Amino acid sequence: LSTEGPFSANSNASYLVNYRYSFTGLLAAAGVDFGGEEIKFQDISFNLSFPNKSGETKFFGVAGISDNDFTGVELFEDAEEEKDLSDIEYNGKMLAIGVKNIYKLGEDWSIGNAIIYSLNHSDRNQNTYFVGQVPDNSFQREEFNENKLSFRTDFNYNFRNNAILDIGYNAVHYRFRISSLAGSGIIPGSISPAVAEENEWLLQPFVNYNGFIGNNLKIEGGINLTNFQQSEELIVEPRLFLERYIGTAGTSLYARAGRYSQVQSYLTRYSFVFTGRNPSSSTNPQLELNKAWKFQLGYLAKVGDYNINV
């Protein structure tokens, strides 16, 4: 379902709202069997735009829930794969909501600000009744909660030759908690889960330039500085993109090079050990970010209504 349009005939403000419900969920509600598995999800998103003489303000967001329930077999000989030996319940929820504003400071300068809050929650329960052909009564419980608060500010200067200078920063505050519990022949409520949690900042100031040298050479270049509080790193990330337009319109040769980094997965930074009734978590908080250099050469051509990118 979707609806969009202006708020009124006399306003430049507009809205867009979308809602989805999973087709598999509708089939399951109608009694269709997917091999013992029920998959359902639904989400809603919106975007509200309020332009004015000095710029524009946007409010946006998305929220969703998903469920996946799997019922295993009762007899070992009926199992076709290892998953069939367990009952599994999964539930997930997510939310992201934010506001963005662009304000013109003058004929050539503008400032953009954005704030986004997001959360991600999931829990997974698994009961296993066989290990090989031997009856078993083991369980595994996992719960994950993540909250992010993101900020971005950038100043744009538009040169008279249509080049743009962009200076700003990104800042993200991470807060997460993981709990995990596993055992065999133990009542789940009789032991406490192993827990890992963190609060940390990722800071990224940057400067970028986008423009032309002459009429046929496009250049995009800049540098990011990435600082991740947990690993205490400061990473310099230079990036450059060159595109040379040749021949007919839409044909060009391009080259791209740059350094990029990424925060390691929480599942990499933490591990859980279960020994009897004393679960524990181990951590490697100084684990560095993933870092990589990327290089690309390419050819882009437009043939009729098609784009060819090699």
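Remember, predicted model here, so these are calculated numbers, not experimental data. Each residue takes its place number in the sequence, starting with 1.
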Test of understanding: clusters of I, L, V, M, F, W, Y form through side-chain heavy atoms closer than 4.5 Å, transitively. Do [X] and [Y] belong to the same one?
X	Y	result
Leu234	Leu202	no
Tyr157	Ile223	yes
Val172	Leu289	yes
Tyr103	Phe50	no
Phe241	Val236	no

Charged N to carboxylate O below 4.0 Å: is that the case for [X] and [Y]?
X	Y	answer
Asp67	Lys40	no
Lys291	Glu233	yes
Glu220	Lys218	yes

Please indicate whether [X] has more than 12 foreign heavy atoms, meaning atoms of other residues, nucleotides or ligands, lying under 6.0 Å from its [atom1].
X	atom1	result
Gln42	CD	yes
Glu107	CD	no
Asn215	CG	no
Phe295	CZ	yes

Check your understanding: Are Asn290 and Gln264 close enough, and set up right, to give a side-chain hydrogen bond (donor to acceptor under 3.5 Å, both in side chains), and what steps lead you there?
Key -> CA-CA 6 Å; Asn290 286 325; Gln264 297 268 16; 3.1 Å; yes
Check your understanding: Checking Lys294 against Tyr260: charged group under 6.0 Å from the ring centre and within 45 degrees of the axis?
Key -> yes
Check your understanding: Which pair of non-hydrogen atoms, one from Glu4 and one from Leu16, has the smallest distance, and what is that distance?
Key -> CB-CD1, 3.5 Å
Exercise for review: Work out which heavy atom in Thr251 is nearest to a heavy atom in Lys302; give both atom names and the distance.
Suggested key: OG1-N, 4.4 Å
Is it the case that the side chains of [Y] and [X] hold a donor-acceptor pair, with the cut-off being a distance below 3.5 Å and no angle test?
X	Y	value
Asp154	Asn156	yes
Tyr169	Asn224	no
Arg177	Asn147	no

Check your understanding: Does the gap between the ring centers of Tyr19 and Tyr21 come in under 6.0 Å?
Key -> no
Exercise for review: Tell me whether the centres of the aromatic rings in Phe7 and Tyr15 are closer together than 6.0 Å.
Suggested key: yes
Exercise for review: Start with the C-alpha gap between His121 and Glu143, add the side-chain angles, then the distance that decides, and say whether side-chain contact (heavy atoms from CB on, under 4.5 Å) holds.
Suggested key: CA-CA 8 Å; His121 168 84; Glu143 184 175 354; 3.3 Å; yes
Practice item. Only one of Leu119, Ile116, Ile115 passes side chain to side chain contact (heavy atoms under 4.5 Å, CB included) with Leu149; say which it is. Key: Ile115
